[in-house]
Amino acid sequence: MESDKFLIAGKHYLSRLLVGTGKYKDFKETQTAISESGAEIVTVAIRRTNIGQDIKEESLLDFIPKEKYTYLPNTAGCYTKDDAIRTLRLARELLDGHNLVKLEVLGDPNTLYPNVVETVEAAKVLIKEGFDVMVYTSDDPIIAKQLEDIGCCAIMPLASLIGSGMGILNPHNLEIIIDNAKVPVIVDAGVGTASDAVIAMELGCDGVLMNTAIAAADNPILMAAAMKKAIECGREAFLAGRMKKKFYQADPSSPTSGLIK
Amino acid sequence: MLYDKRYSNKFKFFNCKNNPMKIYVNGQQKSFGSNEISLTSLIEKLALNEKKFAIEYNGEIISKSNFSQTFLKEGDKLEIVIAVGGG
């Protein structure tokens, strides 16, 4: 599938799996899981540094070298457009002018459901400032279209709530979003296991972003490998075009003639 | 105890009693006694020099090339961030 490249903000990627770097036991496990997943785009969060830390304290970025991965700084934990914008300006400074970002503005700490009104407002400012904005949103097709129209480079609707592992709750909304979008549509949040990722890709999503499904598996390294295959498997099935579903008219796969009597 | 004992020497400057200047670093109030302290010296004292970090100085991003010409003053607010694991 070398020819089936995935284009985001003018750059081609081979892997359609995007992964987060949170919730792992340690940086070594993060590194191994990401490597097994085959992901090329990895999300990172931006947080206050501890003052008075050990100078030799390990840093996440040393384990996911920029030569090998494209960083996708996020705005996780931001509940207002202003906090999200500040966070990504800091991220751009931190990552030497890097423009590709994941915008998410949350609306509620219990569900982490996105606040789409704040998200739209933040996206407008960030795009004006030259950021390439991959945007986390609800599975509302109208908001998805608006985010595309204001210039977001990828639309990332949830499949279900962040960290819930509930899988794809509304495949039909995702289909509407995919049908209407001219930029990549990436399911972000809610995938729980490999079959969820396959379904997302079979629906025609361009990619899937996940973190907890891998990091919270009993064996994250093995789940990372499973997710790599799931994404490829679902993509190939989508491209192959599935057979039509038939309710009851039987059509055997084996010849109906030549049976022994 | 705010800091590990290993760092106590590095943070003596936070505890000067003569004419202290108060600034806020990541939401924590810090007092300085020295007359002038540049952002570069602050970074060294916080042992951040080998880290990959970014700074917001009174609400604006400040690039590394401006650290040495920036001198802290009473009431300044600094946010110093790094990249951590996240999804």
Side-chain angles (χ1 to χ4, degrees), chain A residues 18-24 26-27 29-30 34 42-57 59-64 66 71-77 82 86-97 102 104 112 136 162-163 188-189 209-215, chain B residues 1-15 22-32 37 39-67 70 72 76-87:
Chain A
L18 295 76
V19 296
T21 52
K23 299 180 180 172
Y24 287 98
D26 52 35
F27 289 148
E29 188 185 69
T30 313
I34 290 171
V42 297
T43 62
V44 298
I46 305 298
R47 288 292 178 274
R48 284 172 164 175
T49 182
N50 290 320
I51 299 162
Q53 65 197 311
D54 187 341
I55 196 166
K56 292 191 178 66
E57 190 181 47
S59 155
L60 170 69
L61 298 186
D62 295 335
F63 287 80
I64 43 168
K66 67 174 178 193
Y71 298 144
L72 187 63
N74 71 23
T75 59
D82 291 339
R86 281 174 74 196
T87 301
L88 292 177
R89 285 174 182 157
L90 277 163
R92 177 152 68 179
E93 178 64 23
L94 176 71
L95 300 173
D96 310 312
K102 170 179 162 178
E104 59 180 297
L112 302 179
Y136 172 64
I162 293 174
D188 181 2
L209 197 167
M210 64 178 77
N211 187 345
T212 314
I214 297 175
Chain B
M1 186 65 190
L2 193 56
Y3 302 111
D4 189 296
K5 274 184 182 160
R6 283 176 292 169
Y7 309 114
S8 60
N9 284 335
K10 278 180 199 156
F11 291 91
K12 271 186 180 159
F13 70 104
F14 284 143
N15 300 320
K22 292 192 187 85
I23 66 157
Y24 298 85
V25 182
N26 289 351
Q28 294 176 34
Q29 186 182 292
K30 304 289 179 195
S31 295
F32 293 83
I37 177 168
L39 211 39
T40 307
S41 330
L42 179 77
I43 294 309
E44 283 167 11
K45 283 171 176 164
L46 294 176
L48 285 167
N49 5 5
E50 291 183 20
K51 291 248 161 197
K52 199 152 177 59
F53 62 90
I55 298 186
E56 188 193 73
Y57 176 63
N58 295 333
E60 301 287 334
I61 302 293
I62 181 160
S63 69
K64 287 191 175 61
S65 56
N66 289 327
F67 286 0
T70 304
L72 300 175
D76 277 351
K77 290 189 173 68
L78 292 160
E79 293 286 343
I80 308 177
V81 300
I82 57 167
V84 301

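This is a predicted model, so every value here is computed, not measured. Both backbone and side-chain heavy atoms feed into the values below; hydrogens, waters and symmetry mates do not. Below, chains carry the letters A, B, ... as their sequence lines are ordered, and counting in each starts from 1.
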Honestly, the part of B:Ile80 sitting under 4.5 Å from a heavy atom of chain A is both

Contact summary for A:Ala45 and B:Gly85, nearest pair of heavy atoms
CB-O, 3.9 Å

Sequence neighbours excluded, the answer for ring pair (Phe, Tyr, Trp, His ring centres under 6.0 Å) partners of A:Phe27 is A:Phe63

Residue from B:Gly86, B:Ala54, B:Gly87 scoring the most non-hydrogen pairs under 4.5 Å with chain A is B:Gly86

Where on A:Lys102 is there a heavy atom nearer than 4.5 Å to chain B: the side chain, the backbone, both, or neither?
side chain

Salt bridge (Lys or Arg N to Asp or Glu O under 4.0 Å) filter on A:Arg47, not counting sequence neighbours, yields none

Any chance you could measure A:Leu95, atom CG, to B:Lys52, atom NZ, to the nearest 0.5 Å?
6.5 Å

Which bit of A:Leu61 comes within less than 4.5 Å of chain B, counting heavy atoms only: side chain, backbone, both or neither?
side chain

Worked check of side chain to side chain contact (heavy atoms under 4.5 Å, CB included) between A:Glu93 and B:Val81
CA-CA 10 Å; A:Glu93 178 64 23; B:Val81 300; over 6 Å; no

Give a yes or no on whether B:Glu60 atom CD has more than 12 heavy-atom contacts from other residues, nucleotides or ligands under 6.0 Å away.
no

Check this for me: B:Lys64, atom NZ, are more than 12 non-hydrogen atoms of other residues, nucleotides or ligands nearer than 6.0 Å?
yes

B:Asn26 side chain to A:Asn50 backbone, donor-acceptor under 3.5 Å
no

To the nearest 0.5 angstrom, please state how far the OG1 atom of A:Thr87 sits from the CD atom of B:Glu79.
9.5 Å

To the closest 0.5 Å, what do you measure between CD1 (B:Ile55) and CG (A:Leu94)?
11.0 Å

